[in-house]
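Residue numbers begin at 1 in each chain, while the letters A, B, ... track the order of the sequences.
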There are 2 protein chains.
Amino acid sequence: MSDTTPADRLAALRAELARQGLDGFLVPRADEHLGEYVPARADRLRWLTGFSGSAGLAIVLADKAAAFTDGRYVLQLAEQTDPALWERRHITDEPPADWLAQHAPRGGGIGYDPLLFSEEAVGRFAEKGAALVAVQANPIDAVWVGQPAAPMAPALPHRIEFAGLESARKREQVAAALVAEKQDAAVVTDPASIAWLLNIRGDDVPFTPFALGFLVIHADAGCEVFMAPEKVPSETRAWIGNAVSVQDRTALPGALARLKGRRVRVDAGGSPAWFAQTLRAAGAEVVAGMDPCMLPKARKNEVERQGSRNAHHRDAVAVCRFLRWMEQAAGRATEMSAAAKLVALREEVAMFRGESFPAISGSGPNGAIIHYRVSEDTDRAIGADELYLIDSGAQYSDGTTDITRTVWTGPGAPPEEIRARWTRVLKGHIALATLVFPKGVCGPHVDAFARAALWQVGLDYDHGTGHGVGSYLSVHEGPVSISRAARAIAIEAGMILSNEPGFYLPGGYGIRLENLILAVEAEFPEAAKPFLRFETLTWAPFDRRLIDGALLTRAEVEWINAYHAQVEAIVGPGLEGAERAWLAGACAALR
Amino acid sequence: MSDTTPADRLAALRAELARQGLDGFLVPRADEHLGEYVPARADRLRWLTGFSGSAGLAIVLADKAAAFTDGRYVLQLAEQTDPALWERRHITDEPPADWLAQHAPRGGGIGYDPLLFSEEAVGRFAEKGAALVAVQANPIDAVWVGQPAAPMAPALPHRIEFAGLESARKREQVAAALVAEKQDAAVVTDPASIAWLLNIRGDDVPFTPFALGFLVIHADAGCEVFMAPEKVPSETRAWIGNAVSVQDRTALPGALARLKGRRVRVDAGGSPAWFAQTLRAAGAEVVAGMDPCMLPKARKNEVERQGSRNAHHRDAVAVCRFLRWMEQAAGRATEMSAAAKLVALREEVAMFRGESFPAISGSGPNGAIIHYRVSEDTDRAIGADELYLIDSGAQYSDGTTDITRTVWTGPGAPPEEIRARWTRVLKGHIALATLVFPKGVCGPHVDAFARAALWQVGLDYDHGTGHGVGSYLSVHEGPVSISRAARAIAIEAGMILSNEPGFYLPGGYGIRLENLILAVEAEFPEAAKPFLRFETLTWAPFDRRLIDGALLTRAEVEWINAYHAQVEAIVGPGLEGAERAWLAGACAALR
């Protein structure tokens, strides 16, 4: 990224900290939207340490420095960073706040950029006694030679045929929610929320089609958007209308100052601390509350639901062609070439806009690395008689997809142990897919259904069962997720979630079976209260060679047969000749 | 209780409030231990309002008054209170704090007895702007003519053959937990915790064999117990030893004052606010934390586990004899006579010490009243061809039992709808009974397994699935319960829980099927982490006439057959002649 060495960069930062009178500095892997994907300009952690994982934090003191990441990336952290410069730490086993408490000089001021930490995150350091100092400007930006410019992709209209509801109606709904809580305004710092609220899409970061910016919505439904004006072409200005003023990012502090005396909602966990700090300094009353777009965005309207069904029907054609291609891939393809093949097939699909996340393409032992990202260094030839796991997704103008299949590469038959475990993962998938539940039930209450068949024999998987998915937006969307660790927020009709149980034998193989599911009202005319069920959105066969029928109940066999019949009905007409014949075999009924 | 009328009593209280300069007063259904069963002396709510339910609150203002209870008791509240004196309210639909905020005079001081509310409960009123004033002495006690004396049952040793662990060892464990959290002492206000810690049992309230008192445990494992000395006979003084000083209740304020400058743990939700208030006023640092006996008490040791198994084996004989008797009860017994019959049969069981709660004996539509308590007024003849629900339990020196069965009274066959719903309740019971799960899983994460079969057809039940159970102690014991509303506290080996799904058709019938289950380690030698499973403790047949085999999986049928075989093996040897023959039929294998 530049011709300076990691040692040069660390030394330059330390010199800058000394100049600013700071005894240390915190460097998170975050931009000022605290999002999952950050533009190159904001990837300060990577510039400083060399570490390219998607989660981590560095702490720089005058005489020592440490870099932290989670279990997914500890090996990568060790490979990419210089042990002479960095202590490498597991972020949950040895929390950064503890490390800092142990190593920071007594009474020393530790700088942090308040645009890159939420108030909750700052609180975790403060709890351990850290003397944190919010910096006015990020000291890394002062020493980063050749720091990339901020992305300037245009924000473009997301047409009503995809959005389903006019922005003005959405703004009225959000404003009504503020009025109900006696709030005068809310700050929105998540670009996905802004994309939803204004019916716009952008291209500032990979994989998620939003435009970076900030927004203030007032209780009268008026909105101020803070985004470089050159990112907003006249077509978009006309689309978002006069009730929304577009101002440069530099106008943001002034706009917050104008909220003096007002009650303003800020998301304490999702928004940078800078917002609450700036508002309080200006004399506003800050009220902690969820981003007001979060829940309405998650509840897809009828047009978005139908768009997602349509996108999944088209995506399924590419995925099924890929699965057929994979049957001959052993010995001829590698993990990278397979992932590229799937992208090439998706590029033939109407309205394809790109991948929704970097595909996980893992064969044999690489399948056991839950967030494996194949690279030139790790690329592995796909061998005979092993498991191959492909977790991938696409962005279409009408919807976002995310699917995982784990297949047997053949030509031999899979071992009993693998079939038994694969089948238990499938049982978990079916248990969640067929669950019916009353309104009010939350993600943590249903996660275990996807695990019980594995638990029964002392097995489990170390990740959540499902995440929310956006509508041509983030493939990981809050606020609901299916995980015991998730907040207890009710699943509601219109929410799209993933259903992805798995099993991983480190050094051996990985199994994951994922469809997206849409929560819909269940029809029980005589029920005393409303119930929900899941509609499956994703259509691609599960590898029949891996199904151990002896482990399935009759109801589970019927579910698979009905699912496969539907796959054939949906995908078959889009295939021809040998591909169509292959699909018929892959979807043949069990027993 | 006295010959004054409810109007007299309300007038007397208002006069006393005026004398004390208070504009109102809060009267909860609680004693100074905030427990489930209160001694007659503390039943101020009943004295004042006439309402005898086990949960409620009254608010008395100068010109109006309201009484609140939950859904179980709204009808009873309406019957037992005078509408000319009391507005009657649903405690969750119209929370008392809201009612008070609406009706209290501006700036008026509303009294409350800080011995009868936790700090959390006080906080709920304060949040709504109430100006609460802690009273020094309860004004009801000043006007209650003939208030019963405090109970004075002796505290007696709970022998080591039942307790399994010496009190000195328990005190060391608790003290170590305080040291680990850098706390100097903890206040224990739950008499069940004191009973567990000191290996004593008492008889001050119905159904739960503890002695009312308070305790302070210090980080050096020394204990001070505050309890009328006449309740502690010399045998008990010798039993608890010299490291525990017994002081009169009146010595408590002085003991708390001696904690000046110390860090003291107080349970903010489980202890009266008076403790934290008194400690803070004395200059102690109050740290909110769970009663330190709560978790160790819930984790039954090996002796307690075996005691519970033994108690359940004996209890099962009485229950099975009762179930046989019930088969001829239609037209001859009433709900009250049936409950009395079950008590009479239990009185024949070795070590029986009384019921563990008032039995719920409901036939036909009364079965749908979840917390039905039969009385002379409601007693109903048990009819032919209806459902009869009996939820009862017993205290034995070696364990506490709690079982519910729902049987068909015959002689006809049960209708299809009833069989189908009863069978779905059974499926839920089996799903939880057979669940295997890793350490760390909490009650809210598994509750839904007991409901899924009902949910599948749009049915549910409006109560939690299970509660903790003590060892010859409270039949409702914290801190773990199987409920979505419960705190996320992990289920641990040794915990005894109830498994009691149900279904209730108001005005029609009620179904509940309850066994106690013991969490134990599951043996998976190769598992990557520890797993738990449930061992069933309760042994009595499920009514085979109500089982709809078509709704069961093969695994469920096998579970029932194995369970019934075990019932016969355990209970059969304790029965003779016709009773033994009946049991064999009731336990015959399905299909």
Engaged part of Phe449(B) at the chain A interface, taking heavy atoms whose separation is under 4.5 Å: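 Its backbone and side chain both get close to chain A.
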Engaged part of Ala448(B) at the chain A interface, taking heavy atoms whose separation is under 4.5 Å: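 Looking at Ala448(B), backbone and side chain both touch chain A.
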Atom pair CD (Gln456(A)) and CZ (Phe524(B)), whose distance is rounded to the nearest 0.5 Å: 7.0 Å
Side-chain touch Arg451(B)/Val441(A), heavy atoms, less than 4.5 angstrom: no
Interchain contact, Phe437(A) with chain B, by part (heavy-atom threshold 4.5 Å):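 When you check distances to chain B, atoms from both the backbone and side chain of Phe437(A) fall under 4.5 Å.
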Shortest non-hydrogen separation from Trp455(A) to Pro438(B) and the atoms involved: CE2-CD, 3.2 Å
Nearest-0.5 Å distance, OG1 of residue Thr553(B) to CZ of residue Arg554(A): 14.0 Å
Glu521(A) atom CD: more than 12 heavy-atom contacts under 6.0 Å: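 12 or below, so no.
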Minimal non-hydrogen separation, Asp460(B) against Phe531(A), with atom names: CB-CZ, 4.3 Å
Residues of residues 487-513 of chain A near chain B, each having a heavy atom less than 4.5 Å away: none
Neighbour count above 12 (heavy atom, 6.0 Å) for Asp462(A) CG: no
Shortest non-hydrogen contact from Gly458(B) toward Ala527(A):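 Where Gly458(B) meets Ala527(A) most closely, the heavy atoms are O-CB, 3.6 Å.
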Top contributor to chain B contacts, counting heavy-atom pairs under 4.5 Å, from Leu454(A), Leu459(A), Asp447(A): Leu459(A)
Chain A interface, residue from Lys529(B), Glu523(B), Glu526(B) that has the most non-hydrogen pairs under 4.5 Å: Lys529(B)
